[in-house]
Amino acid sequence: MEEVTLESTIEILRSDMIQAYKEKGNFVDSRVVHISQQLDTYIVQLQLLRRHS
């Protein structure tokens with residue numbers, strides 16, 4: 001994935017995670033945790049991409 005695409009995906013997931021938290025009111029809700037895990041994956045990909053650039 002390109003850096004710009006990763007950054008965009010990360011921002012979308014951040015927004016989704018915040019919204020899910022607001023709806024559920026709980027950081028350990030399965031949807032919030034799932035989005036957080038996806039977010040972690042994309043953040044690591046972005047860091048690796050930047051390291052190798």
Side-chain angles (χ1 to χ4, degrees):
M1 232 184 235
E2 292 183 26
E3 186 171 342
V4 173
T5 304
L6 283 168
E7 289 172 341
S8 177
T9 301
I10 288 167
E11 289 306 314
I12 290 167
L13 285 172
R14 277 187 182 142
S15 177
D16 289 350
M17 186 176 66
I18 290 167
Q19 185 61 38
Y21 171 74
K22 286 179 179 178
E23 290 173 8
K24 302 297 182 177
N26 189 337
F27 282 116
V28 295
D29 176 76
S30 62
R31 183 160 188 265
V32 176
V33 171
H34 178 72
I35 296 169
S36 177
Q37 290 170 337
Q38 288 181 306
L39 189 54
D40 290 344
T41 300
Y42 286 112
I43 290 170
V44 169
Q45 286 180 15
L46 181 59
Q47 289 172 336
L48 289 172
L49 182 65
R50 287 179 174 169
R51 182 185 301 163
H52 296 295
S53 295

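Keep in mind that what you see is a predicted model, and the values were worked out from it rather than measured.
- Counting only residues at least two apart or in different chains, side-chain hydrogen bond (donor to acceptor under 3.5 Å, both in side chains) contacts with residues 26-37 are absent.
- Grouping Ile, Leu, Val, Met, Phe, Trp and Tyr residues whose side-chain heavy atoms lie under 4.5 Å apart, directly or via other members, places Leu13 in a hydrophobic cluster with Met1, Leu6, Ile10, Met17, Tyr21, Phe27, Val32, Ile35, Leu39, Tyr42, Ile43, Leu46, Leu49.
- The stretch residues 1-20 participates, sequence neighbours left out, in these side-chain hydrogen bond (donor to acceptor under 3.5 Å, both in side chains) pairs: Glu3-Arg50, Glu7-Arg50, Glu11-Arg14, Gln19-Glu23.
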